[in-house]
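See structure below.
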Amino acid sequence: MVCSAAPLLLLATTLPLLGSPVAQASQPGQSQAGGESGSGQLLDQENGAGESALVSVYVHLDFSDKTWPHEVSRTLTLPAASASSSPGPLLTGLGLTTECNVNHEENFYCACLSGYQWNTSICLHYPPCQSPHNHQPCGCLVFSHPEPGYCQLLPPGSPVTCLPAVPGTLSLNSQLQMPGDTLSLTLLLSQEATDLSWFLRHPGSPSPILLQPGTQVSVTSSHGQAALSVSNMSHHWAGEYMSCFEAQGFKWSLHEVVRVPLKATDVAQLPDQLSISCATSPGFQLSCCIPSTNLAYTATWSPGEGSKASAFNESGSQCFVLAVQHCPMTDTMYTCDLQSPGLAPLRIPISITIIQDGDITCPEDTSVLTWNVTKAGHMAQAPCPESKRGIVRRFCAADGVWGPVHSSCTDARLLALFIRAKLLQAGQGSPAEEVPQILAQLPGQAAEASSPSDLLTLLSTMKYLAKVVAKARIQLDHSALKNLLIATDKVLDMDTRPLWTLAQARKPWAGSTLLLAVETLACSLCPQDHPFTFSLPNVLLQNQLFGPTFPANYSISFPTRPPLQAQIPGHSLAPLVHNGTEISITSLVLRKLDHLLPSNYGQGLGDFLYATPGLVLVISIMAGDQAFSQGEVIMDFGNTDGSPHCVFWDHSLFQGRGGWSKEGCQAQAASARPTARCLCQHLTAFSVLMSPHTVPEEPALVLLTQVGLGASILALLVCLGVYRLVWRVVVQNKVSYFRHAALLNMVLCLLAADTCFLGAPFLPPGPQSPLCLAATFLCHFLYLATFFWMLAQALVLAHQLLFVFHQLPKHRVLPLMVLLGYLCPLALAGVTLGLYLPQGQYLREGECWLDGKGGALYTFVGPVLAIVGVNGLVLAMAMLKLLRPSLSEGPPAEKRQALLGVIKALLILTPIFGLTWVLGLATLLEEVSTVPHYIFTILNTFQGVFILLFGCLMDKKVQEALRKRFCRAQAPNSTISLSTNEGYILEHSKGGSDTAR
């Protein structure tokens with residue numbers, strides 16, 4: 001507190017110059033107050049007759065009552081006689097400019113009186129007082145001894161108001177901003193201004209907050225004009241807005257007060273619903289609390305009969321309480337009406353449900369918190385403990401059983417840090433000052449986190465700080481970085497506690513949020529604090545700064561288990577070294593974090609459950625203030641079990657929630673020992689995924705696939721040639737026409753699909769390749785069309801088996817077969833492309849085929865398995881027709897003939913119905929061996945050969961037509977054919993029916 005035992009007055013005299021080109025300083029006489037006066041000093045000289053100059057006079061006045069006499073607190077006008085008796089310049093008046101008080105440390109607190117101000121040069125050399133007078137810029141300064149100076153007269157303004165002429169005007173679109181509106185402040189300048197800044201002083205706050213561009217704040221300036229815009233207004237943006245600038249050698253400040261009404265979500269009501277039994281609780285209490293605001297609010301309750309209303313202030317909020325003394329007889333809706341002059345009332349409803357006799361209820365429970373008797377189907381609520389904000393909820397199920405407790409309680413100090421960080425990102429505050437202050441409090445808050453809400457709020461605070469640091473490009477000192485790492489270590493230590501499990505149930509990407517925040521903040525160390533090494537149980541950091549010279553290869557190792565090593569070849573940093581910029585390399589190891597990241601796997605990793613080494617390595621390079629992410633890095637993760645996949649955490653996957661990706665990374669064989677060595681072409685957060693089972697990628701399997709597809713293509717071409725020769729002969733009846741029409745379309749689709757699939761490996765892979773996308777879409781469509789034509793053929797056979805004497809009309813069945821065979825697969829392929837391509841989950845990494853991770857592959861596998869299942873049922877139906885009743889009633893010769901017919905049908909129908917694709921399920925299992933892959937490849941890549949043999953060449957009518965065309969001979973009757981089997985099945989069905997009759 002400033003003592004005023006020895007006040008000091010600085011007086012300025014105004015002297016008109018009478019005929020003298022240069023004004024001389026007058027010598028003052030004794031002060032009438034009995035103090036001593038110093039010598040006068042000329043501070044300004046002006047030329048020309050009739051002009052005046054200001055002369056400073058230092059007078060030391062001592063007043064016993066520590067107050068100024070009223071006569072001294074105004075401009076003194078000298079008598080006319082005094083003026084006429086003066087032979088030289090005429091003294092016309094004395095005015096007080098500056099008031100100084102001296103404290104116990106002999107420091108002078110000098111404040112300018114109305115109409116005066118320290119000029120800018122003096123403001124830059126002396127510190128301001130802690131409590132500026134009237135919030136004027138540069139209105140009060142602290143001096144170590146009396147200065148030979150005084151506050152200068154501000155530029156004169158209107159002679160009526162006698163106020164100084166401010167070189168600018170401040171206007172706004174509205175002093176009352178509704179929630180969600182956009183505030184616009186405009187400053188029009190009449191003089192050239194510099195050092196323009198915007199500030200906001202919250203209601204009741206002693207100091208203003210700097211406003212800078214952020215997610216809600218935008219600042220623009222042009223010649224003679226400046227503007228401030230704040231979007232999405234809320235009560236956090238209410239207060240006094242100030243525009244401060246320098247002009248004409250002075251600092252100026254213009255003010256506008258903005259009010260923002262509260263919205264319903266700003267009001268905390270406890271409870272917002274209540275279920276109560278009047279028999280056990282004749283009275284209850286309701287409350288609604290509002291945050292501090294520059295609007296005056298009053299509350300009225302309805303209904304209010306038989307109740308007592310009160311209000312109290314608590315930790316920055318105002319609460320209105322209604323004590324209901326008489327329980328209502330029926331369900332009642334209470335309303336807290338918050339009113340402010342000139343505004344519509346804000347109505348906050350609170351529902352009260354009365355428990356009646358016979359209602360199902362949950363019993364009272366006082367195990368942890370007190371849960372009163374609650375009606376079934378209603379939510380019970382309880383307040384949070386002290387120093388916590390939020391509410392605890394528990395649902396009473398319809399059967400009267402309590403559900404789990406859901407708490408949103410968050411530590412009040414942590415919540416304040418979160419709001420502060422969020423507003424900092426929005427544009428309130430100075431990042432360089434506030435980010436270290438918030439980081440300094442995070443370790444203590446991390447140690448005290450006791451609920452999932454605490455953990456999620458802490459992670460969100462770190463996320464906002466990281467965004468602020470990245471956008472503002474501020475640098476942290478080593479103490480701020482230590483606080484961050486200590487807080488991170490404590491958060492990772494919670495991996496075995498239920499906090500992480502409950503937090504991930506709310507936000508599965510919480511671990512990804514932590515990784516991105518730490519990754520961003522860790523590389524923001526200021527250059528003067530390099531090199532920097534810091535080690536904790538879960539966090540290991542090494543920062544290294546290199547100048548224009550750089551070692552041939554940069555290597556680093558960490559004493560982890562297993563040991564972790566990384567190396568950056570010198571050639572990948574050559575562009576940075578040649579530029580001559582300083583290079584900062586940050587290497588960070590985070591233990592346990594990989595277990596906290598969501599199990600999201602990108603293209604090429606499939607749906608397997610991978611094991612991880614228990615750590616994540618983050619490597620980042622900063623060239624000046626720019627991040628360099630294209631460097632090559634070689635990492636050795638030590639001994640591993642299983643098949644390693646070198647991966648990095650891609651924050652852009654899965655709609656920004658992050659996932660493991662192996663793009664740009666590959667595993668390398670280590671010569672010394674079996675280790676997981678990874679080579680990546682970019683820098684970020686790395687790890688390694690170990691699959692306990694290896695998917696075979698053998699050259700022999702690839703060669704077998706190519707040979708099989710080539711053979712199938714040739715066989716299908718031969719099949720088309722055969723049909724060209726015998727088509728009119730084999731489609732003389734409806735049954736044969738339907739079967740061969742389906743078989744011909746199946747051959748066409750399979751021929752095109754195999755050709756496309758065989759050529760796809762020669763196309764450039766990736767979603768940026770139109771040819772790869774087209775090949776994948778065509779393969780998907782054509783293979784599906786093949787199977788849908790198989791389904792059409794099976795359905796026709798099933799109809800003939802079930803309805804022996806019913807003939808299908810050709811003009812109806814054939815269009816239905818075309819729709820089923822082409823329209824259905826085209827729709828499935830098109831929907832798959834439109835659904836998964838925008839999500840980056842359509843193409844498999846490095847291949848022109850459907851990705852198995854996001855679900856695109858299952859749009860092929862699902863329909864195929866469904867069709868194969870239906871075809872299997874039709875085949876089983878055919879087998880039953882062949883086996884009954886011959887095996888039970890006929891002689892041994894007929895039994896053997898029936899069994900031979902079954903075997904023939906199996907050989908013919910299995911490849912035509914695509915039943916061999918069931919073996920593909922074995923290749924999708926996690927425990928994969930080479931045997932299922934080889935069997936699946938042989939049976940399905942040679943499917944065209946099987947169709948030629950069993951579906952075409954072994955058909956009796958086809959053979960007879962070919963013999964008539966080439967040999968002119970009659971074919972023997974013992975030829976195996978599908979039509980023979982179909983005729984056998986149908987005739988056997990008729991015979992069985994006659995026998996039964």
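For this chain, numbers begin at 1 and follow the sequence in order. Quantities reported herein were computed from a predicted structural model and do not represent experimental measurements.
Between the side chain of Ser302 and the main chain of Gly304, no donor-acceptor pair closer than 3.5 Å is present. A donor-acceptor pair is defined here as one N or O able to donate and one able to accept, closer than 3.5 Å; no such pair exists between the side chain of Ser253 and the backbone of Cys244. A donor-acceptor pair is defined here as one N or O able to donate and one able to accept, closer than 3.5 Å; such a pair exists between the side chain of Ser451 and the backbone of Asp454. Trp649 contributes no side-chain N or O that, together with a main-chain N or O of Ser512, makes up a donor-acceptor pair within less than 3.5 Å. In terms of modelled atom types and a separation under 3.5 Å, the side chain of Asp266 and the main chain of Ser234 share no donor-acceptor contact. Counting only distance, with no hydrogens or angles, the side chain of Gln117 and the backbone of Lys251 share a donor-acceptor pair below 3.5 Å. In this structure a side-chain-to-backbone donor-acceptor pair under 3.5 Å is present from Trp500 to Val491. Not a single donor-acceptor pair under 3.5 Å links the side chain of Tyr241 to the backbone N or O of Leu172. Side-chain atoms of Ser407 come within 3.5 Å of backbone atoms of Cys409 as a donor-acceptor pair (strictly under, hydrogens ignored). Checked by atom type and distance alone, the side chain of Gln212 pairs as donor or acceptor with a backbone atom of Gly429 at under 3.5 Å.
Atom-to-atom distance recorded for Leu456:CG and Gln504:CD is 9.5 Å, nearest 0.5 angstrom. To the nearest 0.5 Å, atom CG of residue Leu211 and atom CH2 of residue Trp237 are 6.0 Å apart. With rounding to the nearest 0.5 angstrom, the CZ atom of Arg259 is 6.5 Å from the CG atom of Leu343. Residue Arg347 holds its CZ atom at 7.5 Å from OG1 of Thr300, rounded to the nearest 0.5 Å. One finds the CG atom of Leu338 at 9.0 Å from the CD atom of Gln318 (value rounded to the nearest 0.5 Å). In this structure, Leu485 CG and Leu588 CG are separated by 7.0 Å, a value rounded to the nearest 0.5 Å.
Inspection of the His236 and Gln216 side chains reveals no N or O donor paired with an N or O acceptor under 3.5 Å. Checking Lys388 against Ser453 by side-chain atom types alone, no donor-acceptor pair falls below 3.5 Å. Between the side chains of Asp477 and Ser479, at least one donor N or O lies within less than 3.5 Å of an accepting N or O.
Applying the salt bridge (charged side-chain N to carboxylate O under 4.0 Å, His left out) test to residues at least two apart or on different chains, the pairs with a partner in residues 412-437 are Asp411-Arg413, Arg413-Glu448, Arg420-Glu434.
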Stepwise side-chain contact (heavy atoms from CB on, under 4.5 Å) check, Ser231 with Thr182: CA-CA 4 Å; Ser231 62; Thr182 298; 4.0 Å; yes
Derivation of the side-chain contact (heavy atoms from CB on, under 4.5 Å) call for Leu210 and Ser197: CA-CA 8 Å; Leu210 177 67; Ser197 299; 4.3 Å; yes
Verdict with reasoning, Cys288 to Cys319, per disulfide bond (SG atoms under 2.5 Å apart): CA-CA 6 Å; Cys288 58; Cys319 293; over 6 Å; no
Verdict with supporting geometry, Thr335 and Asp337, side chain to side chain donor-acceptor pair (under 3.5 Å): CA-CA 6 Å; Thr335 304; Asp337 290 334; 5.2 Å; no
Derivation of the side-chain contact (heavy atoms from CB on, under 4.5 Å) call for Leu442 and Leu465: CA-CA 11 Å; Leu442 288 187; Leu465 292 179; 4.2 Å; yes
Steps toward side-chain contact (heavy atoms from CB on, under 4.5 Å) verdict (Tyr334, Ile352): CA-CA 7 Å; Tyr334 284 82; Ile352 305 299; 3.4 Å; yes
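Taking both residues in full, the closest heavy atoms of Met333 and Pro303 are given as O-CD, 4.0 Å, listed atom of the first, atom of the second, then distance. The nearest pair of heavy atoms linking Cys523 to Met622 is O-CG, 3.7 Å. Minimum interatomic distance between Leu346 and Ala264 (heavy atoms only, all atoms of both residues): CD1-N, 4.0 Å. Here the shortest heavy-atom pairing between Phe199 and Pro208 reads CB-CB, 3.8 Å. Between Pro443 and Asn483, the shortest heavy-atom distance links the atoms CG-O, 3.4 Å. Considering every non-hydrogen atom in both Thr520 and Leu516, the closest pair reads OG1-O, 2.8 Å.
When side chains are defined from C-beta on, Leu484 does not count as touching Leu476, because their heavy atoms never get closer than 4.5 Å. Between Val217 and Leu228, the closest side-chain pair of non-hydrogen atoms falls below 4.5 Å. Using a 4.5 Å cut-off on side-chain heavy atoms (C-beta onward), Leu593 and Leu492 make contact. Contact of the Thr293 side chain with the Val260 side chain is not registered, since no non-hydrogen atoms from C-beta on lie closer than 4.5 Å. In this structure the side chain of Leu113 reaches within 4.5 angstrom of the side chain of Glu99, judged on heavy atoms. A 4.5 Å side-chain heavy-atom check between Gln475 and Ser524 finds every atom pair outside the cut-off. Counting only heavy atoms from C-beta outward, the side chains of Phe250 and Pro167 never approach each other to under 4.5 Å. Looking at Met462 and Thr488, their side chains come closer than 4.5 Å, going by heavy atoms from C-beta outward.
Cysteines Cys151 and Cys112 have SG atoms closer than 2.5 angstrom. The SG atoms of Cys140 and Cys129 sit under 2.5 Å apart.
Using a 30° and 60° split on the angle between ring planes, Phe418 and Tyr464 fall in the tilted class, from 30° to 60°.
For Glu192, the CD atom is loosely surrounded, since the number of other residues' heavy atoms within 6.0 Å does not exceed 12.
Look at Lys482 and Asp529 and you find no salt bridge, because none of the NZ, NE, NH1 or NH2 atoms lies under 4.0 Å from a carboxylate O.
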